[in-house]
Amino acid sequence: MDVMTAILTRRSSHLLSDPGPTDAEFTYLLGGAATAPDHGALRPWRWVLLRGDGRAALGDCLAAEGPPDQRDRVRRKMLRSPLKAVLIFVPRPDHRVQEWEQLAGTSSMVYAMMMLLHARGYGSIWRTGALCRSTGVRELLGLSSAERVLGSLDIGTPDEKARRSRRPREDVAAKVSAFDAAAVTAARTGGPAGP
Ligand SMILES: Cc1cc2nc3c(=O)[nH]c(=O)nc-3n(C[C@H](O)[C@H](O)[C@H](O)COP(=O)(O)O)c2cc1C
């Protein structure tokens with residue numbers, strides 16, 4: 001599959017079942033994803049992999065923090081994929097590379113990971129929501145005060161019947177402009193550019 005085809009056929013998968021990648025396979029793919037652009041090569045992130053009862057413990061934490069009538073629904077949501085990989089941002093606060101750049105590098109790594117999973121036939125979806133705000137989840141996963149949950153990558157085998165169609169290429173021409181130095185200079189000086 002060429003890179004453009006891989007990019008256009010990757011879709012976030014909402015219905016995911018067994019099998020998912022093993023921990024070793026996840027780590028192998030992460031070795032590739034970690035080569036994504038990363039200013040300062042800080043790798044300011046880590047992953048915690050949850051399966052089975054681990055996902056249920058996550059659900060219990062979130063259910064305890066939400067409205068009582070939503071508890072079962074919240075618990076079920078944590079079980080929607082065989083592997084729930086929680087992404088933790090570990091910024092280096094005093095580094096010359098600013099935090100937003102560290103976050104941008106982390107996002108690049110996640111997208112690379114999603115593409116590598118897709119190339120192996122796995123589906124994934126980046127989910128955020130209450131997981132990112134939960135103090136119970138922070139305690140459960142042992143986050144330090146400087147760390148931040150950026151959500152999870154839910155990973156598994158996509159349901160063939162629910163497979164979403166290839167994304168058409170968007171018309172992004174309006175998002176691109178070519179800088180015209182002569183025109184800008186003329187506009188600023190009130191006359192034609194050049195000698
Ligand atoms: C930072 C981030 C957070 C996201 N959080 C959620 C989420 O909480 N729930 C969800 O269903 N999808 C979430 N998504 C997935 C997007 O909804 C999805 O990528 C978008 O609908 C486009 O679909 P596609 O990935 O198939 O192109 C998130 C995506 C990103 C990049």
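Just so you know, ligand 1 is whichever comes first in the structure, and atom 1 is the first atom listed for that ligand. One is the number of the first residue; the rest follow in order along the sequence. Owing to the predicted nature of the structure, the values given are computational and were not obtained by experimental measurement.
Electrostatic pairing of Arg46 and Glu147 counts as a salt bridge here, judged by a charged N lying under 4.0 Å from a carboxylate O.
Using a 4.0 Å heavy-atom criterion, the residues that approach ligand 1 are Arg10, Arg11, Ser12, His14, Ile125, Trp126, Arg127, Thr128, Arg164, Arg167.
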Extract all donor-acceptor atom pairs below 3.5 Å that involve side chains of residues 29-40 and protein atoms in other chains or at least two apart in sequence.
{"unit_1": "Thr35", "atom_1": "OG1", "unit_2": "Gly32", "atom_2": "O", "d": "2.6"}
{"unit_1": "Asp38", "atom_1": "OD1", "unit_2": "Leu42", "atom_2": "N", "d": "3.1"}
{"unit_1": "Asp38", "atom_1": "OD2", "unit_2": "Arg43", "atom_2": "N", "d": "2.8"}
{"unit_1": "Asp38", "atom_1": "OD2", "unit_2": "Arg43", "atom_2": "NH1", "d": "2.9"}
{"unit_1": "His39", "atom_1": "ND1", "unit_2": "Glu101", "atom_2": "OE1", "d": "2.6"}

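Centroid-to-centroid, the aromatic rings of Trp47 and Phe26 come within less than 6.0 Å.
Taking all atoms of both residues into account, the shortest heavy-atom contact from Pro82 to Asp18 is CB-OD1, 3.2 Å. For the residue pair Leu131 and Gly151, the shortest heavy atom distance occurs at CD2-C, 3.7 Å.
A donor-acceptor contact under 3.5 angstrom links the side chains of Thr9 and His118, judged on distance only.
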